[in-house]
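Data first, discussion second: the structure below is written as structure tokens.
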Amino acid sequence: MQQSKYIKWFAVAATIGMLLILLGGALVTKTDSGMGCGRHWPGCNGQLIPDEITAEVLIEFSHRLVTGTVGILIVVLAVWAWRKYGHIRETKFLAVMAIFFLVLQALIGAAQVKWGQGDFILALHFGISLISFASVLLLTLLVFEVDQKFDAERVKIGGKLKFHTIGVTLYSYIVVYTGALVRHTESSLICSDWPLCRNDQFALPNNMYEWVQMGHRAAAGLIVLWLGYIAWHAFKEYKDQKVIYMGWLTAFIIVLLQATTGMLVVLTRLNLAVALLHSLLISMLFGLLCYMVLLVSRSRTAKTK
């Protein structure tokens with residue numbers, strides 16, 4: 001019993017730590033602090049611990065420290081969960097995914113510092129970290145036995161909802177990638193208005209940066225509509241399964257908040273707090289969608305839905 005208590009606290013710490021990594025990476029990008037430590041890695045400006053601290057150095061070096069510390073937490077959690085909950089079929093897979101993608105995102109970050117990377121490669125960085133976060137989050141849910149509390153083993157999901165669950169989760173990754181591309185190509189303020197690039201005229205984008213910005217807006221608009229439809233379908237057909245309709249209702253609420261903060265990022269001219277909230281919401285949404293996929297993988301098929 002005492003061991004279960006400790007692993008729960010450890011899992012919560014690892015999950016919060018992964019959120020800090022995601023937000024820290026977003027902060028590095030949004031404040032242009034990626035070269036705060038120069039072309040040095042893992043050291044900073046030729047030193048193990050920098051003695052000259054600027055805002056850029058503080059942000060970049062702190063992000064590296066958090067990543068390293070949380071990396072240790074995740075390795076310990078993965079091994080601990082493997083040994084204690086290895087009988088649950090998803091545990092080993094999630095443990096490997098959490099570690100693999102955390103290491104991968106760290107290597108991409110290191111490669112950017114040492115040699116530089118193209119914008120289209122860098123845009124993968126946030127998405128890769130997101131997979132690691134989702135894996136840690138799902139491990140945490142398994143540790144807390146959330147499935148038992150929601151009777152997830154009794155869930156019955158029809159083919160239609162299964163299709164939409166997997167489809168919208170995969171599509172959400174495209175939305176994440178296009179959003180990261182907006183940041184890394186510095187296209188955030190290329191369009192001064194919202195929802196159109198310029199509200200006084202209806203025209204196709206004029207250059208790559210406008211295509212990137214408006215492409216992301218179109219992708220984000222579609223996922224709002226898609227999740228709205230899924231939430232309506234779940235509420236209509238799955239009222240007897242609380243974890244299903246409440247899960248999709250929550251996803252719809254989060255995506256609405258996500259779209260709102262995306263609009264405010266433009267209208268507030270990249271307010272840092274709003275931009276970080278934007279990143280936090282997409283992290284929460286992706287984690288929830290991955291849990292819904294887990295439910296699909298466990299469910300029995302309901303032929304009438």
### Task
Could you tell me the separation between the OG1 atom of T140 and the CZ atom of F133, rounded to the nearest 0.5 Å?
8.5 Å
### Query
Is the H278 ring parallel, tilted or perpendicular to the H216 ring (thresholds 30°, 60°)?
perpendicular
### For the student: nearest non-hydrogen atoms of T31 and L27, plus distance
OG1-O, 2.6 Å
### Query
If we only count heavy atoms from C-beta on, is the Y85 to L142 side-chain gap below 4.5 Å?
no
### Query
Side chain of N45, backbone of D51: donor and acceptor closer than 3.5 Å?
no
### Query
Distance from W194 atom CH2 to L267 atom CG, nearest 0.5 Å?
8.0 Å
### Query
Considering all heavy atoms of both residues, which atom of V265 and which atom of A275 are nearest to each other, and what is their separation?
CG2-CA, 3.9 Å
### Query
Rest of the hydrophobic cluster containing L58 (Ile/Leu/Val/Met/Phe/Trp/Tyr, side-chain heavy atoms under 4.5 Å)?
I53, V57
### Message
If you apply the rule side-chain contact (heavy atoms from CB on, under 4.5 Å), what do you find for E90 with S297, and how did you get there?
### Response
CA-CA 10 Å; E90 297 90 359; S297 73; 4.2 Å; yes
### Query
Can you name the nearest heavy-atom pair linking F252 to V224, along with the distance?
CE1-O, 3.6 Å
### Query
Do T54 and P50 have side-chain heavy atoms sitting under 4.5 Å apart?
no
### I88 backbone acceptor or donor facing T91 side chain under 3.5 Å
yes
### Task
Please examine the side chains of V113 and R64, heavy atoms only from C-beta on, and report whether any two atoms are closer than 4.5 Å.
yes
### Geometric class of the H233/Y238 ring pair [parallel <30°, tilted 30-60°, perpendicular >60°]
perpendicular
### Within 6.0 Å of OH in Y209, more than 12 heavy atoms from elsewhere
no
### Message
More than 12 heavy atoms of other residues, nucleotides or ligands under 6.0 Å from CD of Q201: yes or no?
### Response
yes
#### Entry: Non-hydrogen side-chain atoms of F61 and C37 separated by less than 4.5 Å
yes
### Any side-chain heavy-atom pair of F126 and T29 under 4.5 Å
no
### Task
Using the side-chain contact (heavy atoms from CB on, under 4.5 Å) rule, take I49 and C44 through it: C-alpha gap first, then chi angles, then the decisive distance, then the call.
CA-CA 6 Å; I49 299 177; C44 186; over 6 Å; no
#### Entry: Gap between atom CD1 of I59 and atom NZ of K30 - 0.5 Å precision
12.5 Å
## Note on the structure
Checking I16, I21, T15, L19 against V70 for side chain to side chain contact (heavy atoms under 4.5 Å, CB included), the one that qualifies is I21
### Query
Side-chain heavy atoms under 4.5 angstrom apart, residues restricted to Ile, Leu, Val, Met, Phe, Trp, Tyr: same cluster for V182 and M263?
no
#### Entry: Derivation and outcome, side-chain contact (heavy atoms from CB on, under 4.5 Å), residues M292 and V296
CA-CA 6 Å; M292 303 311 286; V296 163; 5.8 Å; no
### Query
Does some side-chain heavy atom of V212 sit less than 4.5 Å from a side-chain heavy atom of T178?
no
### Task
Group every Ile, Leu, Val, Met, Phe, Trp and Tyr by side-chain heavy-atom contacts under 4.5 Å, then state whether L139 and W82 land in the same group.
no
### Task
Report yes or no: is the cationic atom of K239 (NZ for Lys, CZ for Arg) closer than 6.0 Å to the six-membered ring centre of F235, at no more than 45° off its axis?
yes
### Query
Taking S132 for the side chain and S129 for the main chain, is one N or O donor matched with an acceptor at less than 3.5 Å?
no
### Task
Give the minimum heavy-atom separation between V175 and A220, together with the two atoms involved.
CG1-CA, 4.2 Å
### Task
Answer yes or no: are there more than 12 heavy-atom neighbours, outside Y229 itself, under 6.0 Å from its atom OH?
yes
### Message
Main chain of I128, side chain of Q105: is a donor-acceptor contact present, judged purely on distance under 3.5 Å?
### Response
no
### Query
Linking I/L/V/M/F/W/Y whenever any side-chain heavy atoms sit under 4.5 Å apart, do Y177 and I131 land together?
yes
### Task
Check the surroundings of atom OH in Y173: do more than 12 heavy atoms from other residues, nucleotides or ligands lie under 6.0 Å from it?
yes
#### Entry: R39 atom CZ, neighbour heavy-atom count above 12 within 6.0 Å
yes
### Task
I would like to know whether L138 and L141 meet side-chain contact (heavy atoms from CB on, under 4.5 Å); could you show each step before the answer?
CA-CA 5 Å; L138 293 183; L141 294 179; 4.1 Å; yes
#### Entry: Exceeds 12 heavy-atom contacts within 6.0 angstrom, atom CG of L225
yes
### Query
Any sub-3.5 Å donor-acceptor pair from H125's side-chain atoms to I108's backbone N or O?
no
### Message
With a 4.5 Å cut-off on side-chain heavy-atom distances among I, L, V, M, F, W and Y, is there a chain of contacts connecting L276 to I254?
### Response
no
### Query
Is it true that a side-chain atom of D193 and a backbone atom of N199 form a donor plus acceptor pair closer than 3.5 Å?
yes
## Note on the structure
Rounding to 0.5 Å, atoms CG (L249) and CD1 (I230) come to a distance of 13.0 Å
### Query
So with a 6.0 Å cut-off around CD of Q47, is the heavy-atom count from everything else above 12?
yes
### Query
Looking only at heavy atoms, which two atoms of S188 and L270 are closest? And how far apart?
CB-CD2, 3.4 Å
#### Entry: Check: S283 and M18 side chains under 4.5 Å, non-hydrogen atoms
no
### Message
Ignoring hydrogens, what is the shortest heavy-atom contact between A134 and C290? Give both atom names and the distance.
### Response
CB-SG, 3.8 Å
### Query
Rounded to the nearest 0.5 Å, how far does CG of L161 lie from NE2 of H164?
8.0 Å
### Message
I'd like to know if the side chain of S187 and the backbone of Q213 have a donor-acceptor N/O pair within less than 3.5 Å.
### Response
no
#### Entry: Donor-acceptor contact present, side-chain E60 to main-chain V28, <3.5 Å
no
### Message
Check whether S279 reaches the backbone of L23 with its side chain - one donor and one acceptor, N or O, closer than 3.5 Å.
### Response
no
### Message
Under 4.5 Å between side-chain heavy atoms, counting indirect links through other Ile/Leu/Val/Met/Phe/Trp/Tyr residues: same cluster for F100 and L124 or not?
### Response
yes
### Query
Any donor-acceptor pair under 3.5 Å linking the side chain of R269 with the backbone of S192?
yes
### Message
With heavy-atom distances below 4.5 Å as the criterion, would you say the side chains of L102 and I99 are in contact?
### Response
no
### Message
So that I can tick it off, tell me whether E210 and R217 are bridged by a salt bridge, with the cut-off set at under 4.0 angstrom between side-chain N and carboxylate O.
### Response
no
### Message
Just verifying a value: how many Å separate T169 OG1 and L285 CG, rounded to the nearest 0.5 Å?
### Response
8.5 Å
